[in-house]
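Shown next, in structure tokens, is the structure this report addresses.
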Amino acid sequence: MIKSIDINCDVGEGVENEHLLMPFISSCNISCGGHFGDANSIDETIKLAIENNVKIGAHPSFPDRENFGRKLMQISDDELKKSFQNQLNLFSERLSFFDGKLHHIKPHGALYNAIAVDEKLAVLFIELSRNYLKDAFLYVPYNSVIEKVALKNNIKIKYEAFADRNYNNDLSLVSRTHKNALLVDKTAVLKHVLYMIKNNQVKTISGFEKKIKADTFCVHGDTKNAVEIVKYVYENLKKEGFKIG
């Protein structure tokens, strides 16, 4: 059973709760201009991460601020390539300003979900991010297309599971259009996480148990009570004897 657990949060998304989240997480995914973010928000978030000894990741997405990167975007390969490189170049530039180190890349929202199932898009994503992943991990969902494409291309991965989201039987996340997509009760989130850690399984929305692997657990920073959730999960995992990091 895992004894060291990474808790990650999507941050730098305009919620401005990073200073409250950082003490209770061990890695963060900072939006870099696709769905949200600019040089100023990136700088502020990197600074907070360094101060709190939190591992730093880039959180690129479809260039779709209107829908916060949460809708599948019809976009040409060239447009996506240009946007993606702009996002990661901006992030790398700001990170180097602080002498920070890129620990990982985690795609955001609809892009994350799309490359989990779409091989063509997954291959394109790896091509576009390969140079940035030489010394960094890619956060991927277990048993996904992007996992297989990344491993085939010798990209280092960490399996990610979601502390605050419900799962379908195929291990996809329950769509946010459904009212039971999000787990917002802190005790339910902890129970969900502990079940995955202790059993290497997740209970789906239909009540089935499905195999899952997780090196890192995500709590969404823009959930209304995100700070309450991460603090509760952090404190109770430590009580269970787990190291956060």
[atom1] ([X]) with more than 12 external heavy atoms under 6.0 Å:
X    : atom1 : answer
K156 : NZ    : yes
N53  : CG    : no
E51  : CD    : yes
E235 : CD    : yes
K101 : NZ    : no

For [X] and [Y], which heavy atoms make the closest approach, and how far apart are they?
X    : Y    : result
N166 : N180 : ND2-O, 2.7 Å
P60  : L111 : O-CD2, 4.0 Å
L21  : G221 : CD1-CA, 4.1 Å
G12  : T45  : CA-OG1, 3.6 Å
L102 : H104 : CD1-O, 3.3 Å
V219 : A226 : CG1-O, 4.4 Å

So, does [X] use its side chain to make a donor-acceptor pair with the main chain of [Y] at under 3.5 Å?
X    : Y    : answer
T223 : H220 : yes
H192 : R165 : yes
H59  : C28  : no
S26  : I244 : no
N225 : V184 : yes
D78  : K81  : no
S83  : L80  : no
S172 : N168 : no
S31  : V11  : yes
Q87  : S61  : yes

- Query: Would the F24 and Y232 ring centres measure less than 6.0 Å apart?
  - Reply: no
- Between Y112 and F162, is the ring centre distance below 6.0 Å? yes
Would a 4.5 Å heavy-atom cut-off, applied to side chains only, mark [X] and [Y] as touching?
X    : Y    : answer
F125 : P107 : yes
D38  : L90  : no
K158 : D6   : no
I46  : I30  : yes
F242 : L194 : yes
I50  : I56  : yes

Cationic tip of [X] within the cone over [Y]'s six-membered ring, i.e. under 6.0 Å and within 45° of the normal?
X    : Y    : value
K213 : Y142 : no
R94  : F91  : no
K203 : F208 : no

- Task: Hey, can you tell me if H108 and H35 have their rings parallel, tilted or perpendicular (30° and 60° cut-offs)?
- Result: parallel
Any link between [X] and [Y] through a network of hydrophobic side chains (Ile, Leu, Val, Met, Phe, Trp, Tyr) touching at under 4.5 Å?
X    : Y    : result
V230 : Y139 : no
L190 : I25  : yes
F36  : L88  : no
I5   : Y195 : no
L183 : Y234 : yes

Distance, nearest 0.5 Å, that separates [atom1] of [X] from [atom2] of [Y]:
X    : Y    : atom1 : atom2 : answer
L128 : L121 : CG    : CG    : 9.0 Å
I155 : L133 : CD1   : CG    : 5.0 Å
I75  : K82  : CD1   : NZ    : 10.5 Å
F137 : I157 : CZ    : CD1   : 10.0 Å
L124 : E119 : CG    : CD    : 12.5 Å
Y132 : L138 : OH    : CG    : 14.5 Å

Strictly below 4.0 Å, N to O, side chains only: are [X] and [Y] in salt-bridge contact?
X    : Y    : result
K210 : D170 : no
D222 : R70  : yes
D77  : K120 : yes

- Query: For I42 and C32, what are the C-alpha separation, side-chain angles and deciding distance, and is it a side-chain contact (heavy atoms from CB on, under 4.5 Å)?
  - Reply: CA-CA 7 Å; I42 293 169; C32 38; 4.1 Å; yes
- Go through the steps to decide whether C218 and N8 satisfy the test side-chain contact (heavy atoms from CB on, under 4.5 Å), and finish with yes or no. CA-CA 5 Å; C218 174; N8 80 73; 3.4 Å; yes
- Message: If the test is side chain to side chain contact (heavy atoms under 4.5 Å, CB included), which one of N143, I212, T216, D215 qualifies with Y159?
- Response: D215
- In sequence, state the C-alpha distance, the side-chain angles, and the governing distance for F62 and N67, and then conclude on side-chain contact (heavy atoms from CB on, under 4.5 Å). CA-CA 10 Å; F62 285 126; N67 298 300; over 6 Å; no
- Does a donor on one side chain sit under 3.5 Å from an acceptor on the other, for D10 and N29? yes
- Message: Would F98 and D43 count as a side-chain contact (heavy atoms from CB on, under 4.5 Å) here? Give the steps.
- Response: CA-CA 8 Å; F98 291 93; D43 283 1; 3.6 Å; yes
- Query: Going through the checks in order, is the side-chain hydrogen bond (donor to acceptor under 3.5 Å, both in side chains) test met by S41 and E44?
  - Reply: CA-CA 5 Å; S41 65; E44 286 169 15; over 6 Å; no
